[in-house]
Each structure stands twice: as structure tokens, then as C-alpha cells.
Amino acid sequence: MNLNTLNSAQRNAVIETEGPVLVVAGAGSGKTMVLTYRIAYLISNGVDPANILALTFTNKAAEEMKERIRHLIGKKADRLSMGTFHSVFAKLLRFEASHINFTSSYSIYDTDDSLRVIKGIMNDFDISDNFLNPKFVQSRISNAKNKLIKPEYYENNFFGIHESKIKTIYEEYRKRLKSNNSMDFDDLLIKPIELFEKDNGALLKYQKRYKYILVDEYQDTNHAQYRMLKLLSSGFENICVVGDDAQSIYKWRGADIRNILDFTKDFSSSKIIRLEQNYRSTKSILSVADSIIKRNVHQIEKNLWTDNEEGNKVTVYECLDDKDEANHICKAITIKMMSQEFKASDFAILYRTNAQSRIFEEALIKSTIPYVVVGGTEFYKRKEIKDVIAYLRLLVNPDDNESLLRIVNFPSRGIGEVSLEALKKLSQQNEISLLKGIQALNNSDSVTERVKKNFINFFNLVMKYSELVGKLNVNELVRSLIDETGILKMYKEEGSEDSINRYENISQLLNGLQDFVNSNPTKTLVDFLNDIALISEIDKWEDKSTAVALMTLHSAKGLEFKNVFVVGCEDGLLPLSRDSSVDDVEEERRLFYVGCTRAKKNLYVSFARNRNRFGNLYPQRRSRFLDEIDERFVEHESTSFSHAVSFRKKASYTQKKDFSKSRNAMPKYEDFSQEEKVLTVGTRVMHDVFGEGTIRQLSGFGDNLKAVVEFDEGLRKHLMLKFAKLKVL
DNA sequence: GCAATTTACTTTTTT
DNA sequence: AGTAAATTGC
């Protein structure tokens with residue numbers, strides 16, 4: 001291990017091992033290397049690896065870091081506690097489960113599972129989901145949990161019309177998860193905190209164990225994570241957090257940027273080390289990124305610089321529409337690959353929303369460029385996969401009612417809604433799990449004999465295999481169970497494209513399980529379920545693969561590529577706006593900044609003048625972020641407009657009719673994005689009868705152009721623009 | 001109780 | 001446009 005390869009700030013960050021340290025690490029400043037070296041340095045100075053806790057943002061980051069440390073210090077590295085907050089504490093909770101009245105085979109509910117629980121509660125409590133959106137309730141509950149607010153204090157912290165109802169749901173939600181022996185993502189952070197707060201012995205045990213704590217991506221930790229770190233580090237106070245406030249992009253998930261801004265206040269006598277030299281990008285790229293981010297008001301002062309070459313200018317592409325954007329980029333990639341200078345995996349296409357990936361996929365296929373979409377519809381969230389997982393969960397956790405409900409009638413066993421209600425009612429009365437309830441139901445007369453038989457068949461299936469858990473090889477057990485359910489057979493026989501897909505997905509899951517067990521025979525079914533609950537798509541992605549990477553800007557955090565395309569730089573998309581409420585533009589700007597700083601050699605940002613959304617073409621305006629870029633480092637390119645025509649359009653949409661009549665004679669691209677008085681989402685309009693309002697949605701073309709207008713009086717109207725004479729204000 | 005048809009909703013970003 | 005949920009008809 002040679003510390004001389006580090007610059008002086010980096011070296012400080014490695015050797016200041018005692019006491020609280022904040023490392024403000026700008027993009028590309030070698031933060032991963034610093035963390036790696038710091039851990040290796042600790043160990044080479046005699047610290048037991050088992051006394052080090054390193055928390056990363058993704059499992060992938062943890063794996064990579066562990067690999068690098070292994071290179072530096074060898075096998076000792078395996079004894080490190082390293083992983084995401086969620087995976088490290090999920091493991092801890094399996095050890096300590098009995099102390100919080102759970103079992104070590106508790107289920108982990110993802111957001112879908114948790115939403116189903118909430119819907120179930122609202123259904124039981126007769127709260128209509130028109131009245132209260134379950135997703136809203138879910139986000140409120142998650143929000144409260146992130147802030148460590150218990151149901152009893154809920155109403156002191158949230159102020160809206162429905163809070164007392166939400167509080168009731170929150171209370172019941174907690175109860176149900178508890179009786180299901182299940183935890184959601186938030187619980188994985190909260191439950192250890194609750195344990196530590198009530199059981200000082202447990203806290204002391206882990207304080208002693210984790211003498212040195214390191215946290216990566218600290219800018220994206222939430223309050224619960226902060227509280228946890230505070231508790232664990234309060235003994236030795238050897239806590240080192242690394243982060244960059246300019247790259248905080250998870251506020252929507254509860255991340256609290258104050259954690260990093262206030263670190264020096266929260267942890268007294270802490271040191272700050274700034275890593276300001278960027279080793280990743282060219283001067284042009286860094287200057288562009290800097291010109292954007294400096295528009296944000298709230299930040300830690302820092303000055304990122306680089307010794308790297310000036311490099312090529314950053315290209316701003318102006319495209320006709322989203323299709324043109326995709327083709328344009330494919331062409332650029334093809335040309336660059338032909339020069340032999342770059343291979344496919346040197347390129348990344350980064351977008352704001354997953355929905356944007358499709359159009360690039362189509363274009364890449366046509367261009368025969370290998371690509372891989374990272375993220376999107378996640379494998380483990382597919383219906384067929386969740387069904388299989390529900391079976392497995394029920395085997396190890398018989399209290400998991402949510403999983404039971406999912407599969408009790410899948411494949412069809414003749415158990416309908418009415419029979420299920422009877423089972424739920426009986427189980428609730430006797431305060432037993434639904435699975436146990438089946439036995440009770442069998443001894444009652446609330447359902448027909450035929451239904452009883454159907455239930456018992458299911459019950460026997462589950463019991464048969466849960467008794468085999470631990471006795472039979474995991475792989476054999478699962479294959480045999482799935483075979484007996486007939487799921488695979490069912491999909492195979494149906495034969496539609498969709499069902500073949502599902503069949504293959506389940507096969508893939510079973511193969512994944514086989515690999516999991518083969519690579520480590522001591523692993524159990526619970527381990528497998530735990531792993532797949534906490535794994536993300538980015539964790540599975542191998543950058544060794546020779547393919548262009550497509551992913552969201554969020555997923556790209558922490559990665560780097562020689563050539564980066566940040567696409568869809570249009571107002572409303574990047575920055576993304578939901579309705580026209582005041583959004584946090586600063587966070588969107590940071591997201592754009594994160595995207596730009598992923599590039600090592602070449603950066604391309606593009607926007608389309610028209611974009612398809614929900615199957616309709618909408619005019620777009622270039623992102624305000626593009627106007628913030630320092631022009632000295634930019635070159636502009638655009639698709640030739642020679643065959644496209646601009647329209648002179650008057651203020652009123654009554655003239656729109658003329659335009660639509662001559663539409664057939666018009667070229668393919670209708671460009672009204674640069675016109676002055678244009679109707680777009682957000683435009684203020686005047687209606688003779690309804691008064692002033694704001695356009696919320698646009699659809700259709702020509703005579704069929706329709707708008708949803710929200711009038712200031714509170715009315716929301718769907719209007720045909722052909723008839724409604726709207727004036728643009 | 002189930003299949004077929006209609007409707008509603010999606011596009012934030014994810015552990 | 002494409003999918004999931006809800007509703008209807010058998």
C-alpha cells in the first residue's frame with residue numbers, strides 16, 4: 001500500500017482515523033480510492049476488520065470496494081461489515097429478532113407489498129381510495145417513519161385535511177406488519193434504532209463492535225440513518241462520512257441534506273477535509289458542470305478543479321423530436337465506435353425517467369449497437385416473480401398474510417372474494433394468522449364444504465413444504481414446490497408471448513436460486529429472500545459487459561463513462577415538473593450536474609423540440625439548465641431544419657383550424673416550440689364563460705386538439721380547442 | 001367464480 | 001401507447 005500516489009488532501013482523509021471526519025468529496029475526486037485506502041490503512045495499523053462498519057449507497061459499491069480492499073490486504077477483508085444501510089441492518093435484525101418480538105425469518109416488504117397492505121387496511125376501514133389516495137398515504141407513512149415519528153405523534157407533525165385518517169391507517173399498518181412478522185424498508189432502519197434506544201446492552205454491544213464507522217454518499221442519508229449513526233458512534237466517535245452536497249438527489253426519498261451541511265455541528269471537534277481535485281473529466285466538462293451547479297444557493301463552499309486536458313467542447317444537440325434524438329445519438333455512437341477509439345461500454349445514455357429508455361432501445365437495435373438497460377421494470381417486481389417469492393416467503397414465515405393473500409388463489413383454486421373475507425374475519429376474531437385461520441375455518445360452518453376442501457389443499461401444500469425447509473436442499477425444495485403448484489405448466493400451456501415471457505422469468509429466478517445455493521451451500525432460503533429483497537438493478541449490472549449503458553440519472557450516481565449523453569434536456573422533463581406546482585429545481589439541477597460529471601472525455605446533452613408523451617406529441621422548450629451553461633465550452637449541433645417549416649401562429653387558437661386543414665400538405669415535423677404564444681402545459685388562458693385558468697394537459701392534433709384546463713374557480717374542464725375559444729394570456 | 005371487456009392511469013427518481 | 005385495475009356478463 002503506497003500512500004504517495006495520493007494527493008495531500010486524500011492522504012489526510014486516509015490517515016485522520018480518530019474522531020469525526022467530514023470528507024467533502026467533489027465529483028471524480030477519488031473518493032472511492034480514499035475510502036478503500038482508509039479501510040486498508042486502519043487494518044494495517046492493527047484494527048480488527050470486524051470492528052469496521054462501512055456503509056455504502058448500493059450493494060455494488062460495497063462489493064467493488066471490498067474487492068479492492070481484498071487486493072490491498074487479502075482475505076482479512078472478508079470480515080468487514082460492509083454494505084448498504086438496509087442490508088447491514090437487515091442482517092443485524094435477523095440476529096436480534098427475538099429481542100423485538102420478531103423471528104429471524106421475518107419477511108421484507110417492498111413498496112408494492114406495503115401498498116397492498118395499506119389498500120387492504122383502507123378497504124377494511126371503509127376508506128374509499130377516491131377520497132384518499134393509498135400512494136399518498138404510503139408516502140406520508142414512510143415520511144413519518146424516516147423522521148422517526150410514531151403514530152401517536154403523527155398528528156403533531158403533519159397538517160392536512162386527512163391526517164387523522166392517515167394516523168389511523170399508520171397505526172394499523174404497524175400492527176399488521178408486526179403480526180405478519182414483516183418489515184418494510186423503513187423498518188430496517190427504524191427497528192434497530194428502537195432496539196438500541198430501549199436496550200442499552202444491545203447498543204453497547206454494537207458500539208463496541210463498530211469502533212470505526214465509514215459512510216459513503218452521506219449527502220443522501222435520511223434522518224433515521226443520521227440517528228442510527230449518532231447512536232452507534234457515540235462511544236468511540238470514530239466516524240468518517242464522505243459526500244458531496246452538490247450531488248444530493250434523494251430528497252424525495254427522505255434524504256436530508258442538513259445531515260451533511262450540519263455535520264460539523266452535530267459531531268463536535270470534527271475535522272473537514274475537502275477533495276477538490278477532479279481526476280475524471282476534461283476541463284471543458286468540468287467547467288460546464290460548474291457553471292450549472294453554481295446557480296444553486298445552498299451549498300458547501302468548494303472549488304473543484306482539474307489538471308486534465310481541456311478536451312473537446314461539450315455538444316448541445318437540438319433535435320426535432322424524441323425519435324430524432326435517439327437516431328442522432330445512435331449515429332454518433334456508431335461513428336465513434338468505428339474509429340476504434342471507443343468500445344460500446346464506453347458510452348452511457350442517461351435520462352430523467354425510465355420511460356425514455358424505450359425509444360433508445362428501438363434505435364439501438366436498428367443500429368445493431370449492443371446495449372443494456374439498467375433498472376426500469378425491475379425483475380423482482382414482476383408479477384410472476386412476486387408470486388413465486390410469495391410462496392417461498394410463506395414457507396419460512398407462516399405469519400406473512402400478505403404473501404398468503406397473493407397466492408392463496410393463484411393458480412386458481414376456487415377460492416373467491418367471499419370465501420377470503422370469511423377467512424379474514426375468522427382469523428381476525430381469533431387473532432391468528434390467515435394460514436392458521438384455514439384450520440379454524442375448516443372446523444366452522446361459514447363456508448361450503450367445497451371451499452373448505454380448496455383451502456385445505458392449499459394449506460397442505462404449504463405445510464408439506466415448510467416442513468421440508470432445512471431438510472431438503474433449497475434448490476430441490478423450491479423446484480418441487482413450484483412444480484406442484486403448476487404455475488410453470490400453466491404459463492407454458494397458455495403459450496402467448498406474454499406467458500412464455502413469464503415462464504422464462506420464473507426459470508431465470510430458479511436458476512438464480514441454484515447459482516446462489518451452489519456458490520455458497522451454507523446459504524438458506526431466508527438468505528436468498530433477504531438478498532433479492534434488497535438487491536437493485538444497478539447491483540446486478542456488470543460494466544465489463546461490452547454494451548452501451550442506458551439508465552436514469554439517479555442510477556448513474558457514482559459511475560463514470562468516457563462518453564455520456566444526457567438526453568431529454570427539456571423544461572418539464574429535466575427539470576421534471578409534476579403538474580405545475582413549485583418543484584425543487586435545485587435538486588433537479590443537482591441531478592443534471594450528477595449526469596454531466598459522469599463523463600470523462602465527451603459530454604453530449606440533447607433536447608427535442610417535440611416529444612411523445614402518453615402517445616401524443618407535445619412541443620417542448622429547451623431546458624433552462626442549457627441556458628445556464630457557460631457558452632465558451634459548448635458547441636451546438638442540430639438536425640437540419642431545411643425540410644421542417646416554422647409556423648406563424650396568431651394569438652387565438654381559432655386560427656388553429658386553418659393550420660389543421662392544411663396539415664396534410666405540411667412536412668412531417670410541426671415545429672411550434674419556438675413560437676411566442678403557444679399552448680403548452682402550464683399556459684395561462686382565458687375562457688369566455690369559465691374565466692382564467694391554467695392548462696394542465698394537452699392531447700390530440702388539428703381539429704382534435706384537446707386540453708384539460710384547471711380554472712381558477714376550481715373547475716377542471718376537458719375542452720376541444722376547436723370549440724372553446726381560449727385566449728392565451 | 002371466472003373470463004372478457006372496459007376503464008383508468010401512467011412518467012419521477014429507489015433502498 | 002401500453003398496462004393494470006375495475007367492471008360486466010356468463
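This one's a predicted model, so the numbers in the text were calculated from it and none came from an experiment. Letters A, B, ... mirror the listed sequences (proteins, then strands); counts begin at 1.
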Heavy-atom nearest nucleotide on DNA chain B taken for A:R450 and for A:L573; more 5' hit belongs to A:R450
Taken in chain and number order and not counting sequence neighbours, the residues that satisfy side-chain contact (heavy atoms from CB on, under 4.5 Å) with A:E194 are A:K150, A:R174, A:I190, A:K191
A:S419 has its side chain closest, among B:dG1, B:dT13, B:dT15, to B:dG1
Phosphate OP1/OP2 of B:dT14: any A:T111 side-chain N/O under 4.0 Å
no
Rounded to whole Å, the NZ-P distance (A:K557 to B:dT13) equals 16 Å
Residues at least two apart in sequence or cross-chain that pass side-chain contact (heavy atoms from CB on, under 4.5 Å) with A:A144, listed by chain then number, are A:I149, A:Y154, A:F158, A:Y170
key: Under 5.5 Å and under 30°: A:F85 stacked on B:dT15   = no
Between CG of A:L553 and P of B:dT11 the distance, given in whole Å, is 17 Å
A:V418 has its side chain closest, among B:dT13, B:dT11, B:dG1, to B:dG1
Sequence neighbours excluded, the answer for side-chain contact (heavy atoms from CB on, under 4.5 Å) partners of A:S107 is A:Y109, A:S182, A:R393, A:N397, A:D400
| query | What is the nucleic acid contact for A:T58, judged by heavy atoms within less than 4.0 Å: base, sugar-phosphate only, or nothing? | reply | nothing
Whole-Å distance, A:D220 CG to B:dT13 P, equals 16 Å
Note: for A:R352 and A:K381 on DNA chain B, the residue whose nearest nucleotide lies more 5' is A:R352
A:Q356 CD to B:dT11 P, in whole Å, measures 13 Å
dist A:L214:CG -> A:T56:OG1 (nearest 0.5 Å) comes out at 11.0 Å
Verify the ring-centre separation between A:F360 and A:Y371: is it less than 6.0 angstrom? no
When rounded to whole Å, the OH to P distance for the pair A:Y351 and B:dT11 reads 14 Å
Contacts of A:K381 meeting side-chain contact (heavy atoms from CB on, under 4.5 Å) (sequence neighbours excluded), chain-then-number -> A:D110, A:T111, A:D112, A:E378
Is there a side-chain contact between A:N354 and the phosphate of B:dT14, meaning an N or O under 4.0 Å from OP1 or OP2? yes
**Prompt:** Hey, does A:N612 reach any base, or is it just sugar-phosphate, or nothing, if we go heavy atoms under 4.0 Å?
**Reply:** nothing
Taking atom types as modelled, find out whether A:E325 and A:S606 have a side-chain donor-acceptor pair closer than 3.5 angstrom. yes
Those residues at least two apart in sequence (or on a different chain) that pass ring pair (Phe, Tyr, Trp, His ring centres under 6.0 Å) with A:Y491 are none
Short N/O separations, protein against nucleotides 2-7 of chain B, under 3.5 angstrom:
{"from": "B:dC2", "atom 1": "OP2", "to": "A:N409", "atom 2": "ND2", "distance (Å)": "3.4"}

Margin query: Counting the atoms with a prime plus P, OP1 and OP2 as sugar-phosphate, which does A:S87 contact under 4.0 Å by heavy atoms, base, sugar-phosphate, or nothing?
Written below: nothing
Rounded to whole Å, CG of A:N59 lies from P of B:dT14 at a distance of 15 Å
A:L576 atom CG is separated from B:dT10 atom C1', nearest whole Å, by 13 Å
From CZ of A:R358 across to C1' of B:dT10 the rounded distance in Å is 13 Å
Picking from B:dT12, B:dT15, B:dT14, the nucleotide nearest the side-chain atoms of A:T353 would be B:dT12
